[in-house]
There are 4 protein chains.
Amino acid sequence: MTAIAERPARSRARNRRVAGADPDKRHQILEGAHVVFTARGFDASSMADIAAAANVSKGTLYVYFEDKEHLFIALIEREREKQKQGIYEALADIPDLAQALSRFGERLVRLITGGFALSAQRIVLGVAERMPELGREFYERGPMQGTRRLAAFLQRRVELGELAIEDPALAAAQFIDLCQSTLTRPRLFNAVPMPPEDEEIARVVASAVTMFLAQYGVKKPG
Amino acid sequence: MTAIAERPARSRARNRRVAGADPDKRHQILEGAHVVFTARGFDASSMADIAAAANVSKGTLYVYFEDKEHLFIALIEREREKQKQGIYEALADIPDLAQALSRFGERLVRLITGGFALSAQRIVLGVAERMPELGREFYERGPMQGTRRLAAFLQRRVELGELAIEDPALAAAQFIDLCQSTLTRPRLFNAVPMPPEDEEIARVVASAVTMFLAQYGVKKPG
Amino acid sequence: MTAIAERPARSRARNRRVAGADPDKRHQILEGAHVVFTARGFDASSMADIAAAANVSKGTLYVYFEDKEHLFIALIEREREKQKQGIYEALADIPDLAQALSRFGERLVRLITGGFALSAQRIVLGVAERMPELGREFYERGPMQGTRRLAAFLQRRVELGELAIEDPALAAAQFIDLCQSTLTRPRLFNAVPMPPEDEEIARVVASAVTMFLAQYGVKKPG
Amino acid sequence: MTAIAERPARSRARNRRVAGADPDKRHQILEGAHVVFTARGFDASSMADIAAAANVSKGTLYVYFEDKEHLFIALIEREREKQKQGIYEALADIPDLAQALSRFGERLVRLITGGFALSAQRIVLGVAERMPELGREFYERGPMQGTRRLAAFLQRRVELGELAIEDPALAAAQFIDLCQSTLTRPRLFNAVPMPPEDEEIARVVASAVTMFLAQYGVKKPG
DNA sequence: AATGAATGAGCGTTCATTCAT
DNA sequence: CATGAATGAACGCTCATTCAT
């Protein structure tokens, strides 16, 4: 009935670009791409470098991914899946508001300032002008997603009478930004080479929580 | 008026390539570079594109700038000069603390979220992995500078008894981040095409000021 | 016969650019390079010219050779291998001293004044100032090598009592230079287009042998 | 009557390229060209380098010389004039044959192996394929000239009964080559950086004279 | 006559992509 | 499906030469 159904013979025909089916090989390629893109950025990474890092031939790259851009996008997506795990648990699991915020903030900052997330941000930002689709998607599935989840959490606490917030979306963004103050920006610009130490993160997040609650917290009676 | 005065270019001569002395042409090239770099980022902008956009020959580019990287750096520097004017006046001129912070925050956000600053940030971030020098310089002369100036201002107000701040550097960074909450990030990722409207900026900055003073403000007696 | 034997290229792989394994193509490129370098010298030969002459794409040149200089060096080496064959046989095979020297001298001159050897010398000399390594290597593997081998031969004949030579290295150089008198220099400068005829070579080498033996020969007792 | 005579008005007209008339400036340019060509060879020397070395503008180069090639040729010619002086005096002034040959040989070798002559040879050889006219002229006015003069000298001594030479041209070339054995070739290839010491030259030339006279000398009667 | 900014063709080299095997 | 040799367009950059001043 569909165009596809009308040409079943072609469905595996054309003989080329059947889309790489072997998940191991796909994984292997993404590992190589991770290494190379992280070290050099998008433009300065060559498909030859990636093929070498993945220990496959250049041709194989094109069996599994349409082109360089799609390979990069696939990598970004895989990394996002890998990393967002466990961040939001604190919000669900810890009953005490201040403690929940602290834990969430610390995990978030550790994620953002460590390893691939920083590189991925740089790369995506670097191509955002040319590839607005990619930039938007990355933002929406990453930072925006996080802000939304936190906003929902805050909303719940408002309803519980623990917080007084008019604009939860703004408040969520404020908290996330406060947690990163002095930590993310210099590292994004590569002006500071090392991830922040846990104590430093704890200190900044503690200040963020204090400030946040000073503004939005509901004083308990008595 | 003298022959010597008429050839000031010699005074900066090093070895060869006395460097284009014609400021109009230099300006013309930077305009072209602005357009092209803004539209495509660093790597995807070719010197041929820039030459065409500037309406000069490729060779001329190299009379005025050592190479692509130096051209880009010169552009960044020019834009910074153009833009940093007037940002810090509010801090010096307005006696009332809350008003001074509001004014400063609003101008800062308008600067960061408008036009070239966003593009420049993207480009620098995009190459920061490969060119850490550039990233560091950009960060230090831009964001870090702003934070420092604000920290100095805050310190003065602490000494005047208006604020109680233990770590002025952190406080300054917090204020600057609060002012940008929900405004800068989506635009950096090109997820939102337009600069924020003045009312939106005013709203976010007002919230930042409130929050900031709730935490660090000294309640006046009686 | 085995799979391993079928891909010998891997054995030489370093990092990337496993280097063209197809010997036919390599040969084809060297032929093109031969033609172009011979006709124009090193600097005036462009990789585009060579690619065209070899009937391959410019990119293919870089699959087989690292850069222009390495291509040139490979060409020189190939020609040396091709040509040095059979020169020294005369020294080993012919017992009579005068005959051995004649035969060696004639072959040497024929080699030096014919075809590529002349061009290669010109090219190497032309770049020797900028690329002293190349000049030195060429000299050592070429002219110096020949002189050394002849010196060793002479030394043996000294030990047999046929020659009386104090400085065999000087004597060897003298003989080689005498063999080339009037023949090599004008051709090196391209002042005479054709290689010398065999009779001319025979005449000059005969004179060289006579002169050499008049000086260094040991008169046999009556 | 000639085409030139028919258009006298044009003779200095056209306003351009009147051929640089100032001999000081011409000299200045040639000095700069000497330095640069000597250090880098023909192709690797840029007109900008030469202009800088000569302390004139690039444009001025083209006032005095048609193009790079003609500038180089003019330099070669000037150097030849400068250097050939005094070489042949020994042949004219010293009555004793062996002494005359020694003196001549030593001066010749000192000239050839020192300074610019070596560079000039390299450069001319390097471009001889592309510029056969230049190669031929250089050879004829340089090496060939020297051989001819020596041949004429030898012929005179033959007529005086001091020598027995059938082919004076060959004999002259042989002597000149013997004088340079082990000295010129390695330096031409830049395999040995320094000019030979006077003692070394004396030793090689002495051997050349001995060998030459052993072959061509006429034994004086008892 | 002298300048040096401007030109633009051309350079060596890279690299995403294709395709015969 | 996997390979990697081959391609050719495009890159950043150089430089002999021109020409308005």
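Worth knowing before you read on, the calculation uses all heavy atoms, side chains too, and leaves out hydrogens, waters and symmetry mates. In what follows, chains carry the letters A, B, and so on, assigned in the order in which the sequence lines appear, proteins first and then strands, with residues in each chain numbered from 1.
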Every protein N/O within reach of nucleotides 11-13 of chain F N/O, cut-off under 3.5 Å:
residue	atom	partner	partner atom	Å
F:dG12	OP1	B:Ser45	O	3.2
F:dG12	OP1	B:Lys68	NZ	2.7
F:dG12	OP2	B:Met47	N	2.8
F:dC13	OP2	B:Tyr62	OH	2.9
F:dC13	OP2	B:Lys68	N	3.1
F:dC13	O5'	B:Tyr62	OH	3.4
F:dC13	N4	B:Lys58	NZ	2.4

Between [X] (side chain) and [Y] (backbone), is there a donor-acceptor pair under 3.5 Å?
{"X": "A:Asn190", "Y": "B:Ala128", "result": "yes"}
{"X": "A:Lys68", "Y": "A:Ser45", "result": "yes"}
{"X": "C:Gln28", "Y": "C:Ala54", "result": "yes"}

Quiz item: Judged by modelled atom types alone, do D:His27 and D:Asp24 share a side-chain donor-acceptor pair under 3.5 Å?
Solution: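 Result is no, nothing qualifies.
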Please state how far atom [atom1] in [X] lies from atom [atom2] in [N], giving the value in whole angstrom units.
{"X": "B:His27", "N": "E:dA5", "atom1": "NE2", "atom2": "P", "result": "20 Å"}
{"X": "C:Leu61", "N": "E:dC15", "atom1": "CG", "atom2": "P", "result": "17 Å"}
{"X": "D:Arg26", "N": "E:dA2", "atom1": "CZ", "atom2": "C1'", "result": "17 Å"}
{"X": "B:Asp24", "N": "F:dA20", "atom1": "CG", "atom2": "P", "result": "19 Å"}
{"X": "A:Phe65", "N": "E:dT18", "atom1": "CZ", "atom2": "P", "result": "16 Å"}
{"X": "D:Asp22", "N": "E:dT3", "atom1": "CG", "atom2": "C1'", "result": "15 Å"}
{"X": "D:Phe72", "N": "F:dT17", "atom1": "CZ", "atom2": "C1'", "result": "20 Å"}
{"X": "D:Tyr64", "N": "F:dA16", "atom1": "OH", "atom2": "P", "result": "20 Å"}

Quiz prompt | C:Phe116 and C:His34 aromatic ring geometry - parallel, tilted or perpendicular at 30°/60° bounds | solution =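 Ring orientation of C:His34 relative to C:Phe116: tilted.
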Quiz prompt | Runs of at least three consecutive pairs that involve DNA chain F, where pairs are Watson-Crick or G-U with distances under 3.5 Å | solution =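 Runs of three or more consecutive pairs: E:2-21 with F:2-21.
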Self-check item: Gap separating the CZ atom of A:Arg130 from the CG atom of A:Asp43, nearest 0.5 angstrom
Solution: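 CG of A:Asp43 is found 4.5 Å from CZ of A:Arg130.
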Quiz prompt | D:Lys25 to D:Tyr64, cation-pi by 6.0 Å centre distance and 45° axis angle | solution =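 No; the conditions do not both hold, so D:Lys25 does not lie above the ring face of D:Tyr64.
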Quiz prompt | Ring-face cation of C:Arg80 near C:Phe138 (centre distance under 6.0 Å, axis angle within 45°) | solution =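 Checked: cation-pi criterion met.
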Quiz item: OP1, OP2 of E:dT7 versus side-chain N and O of B:Thr60: anything below 4.0 Å?
Solution: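 It does, given that an N or O in the side chain of B:Thr60 lies less than 4.0 Å from OP1 or OP2 of E:dT7.
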Practice problem: Can you figure out which of F:dT3, E:dT3, E:dA6 approaches the side chain of A:Val63 most closely? | Solution: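 Ranking F:dT3, E:dT3, E:dA6 by closest atom to the A:Val63 side chain puts F:dT3 first.
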Exercise. Between E:dT7, E:dG4, F:dC1, spot the one nearest the side chain of D:Ser57, thanks.
Key: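 The closest nucleotide is E:dG4.
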Quiz item: Taking all atoms of both residues into account, what is the closest heavy-atom pair of D:Ile50 and D:Ile29, and its distance?
Solution: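 Taking D:Ile50 first and D:Ile29 second, the nearest heavy atoms are CG2-O, 4.5 Å.
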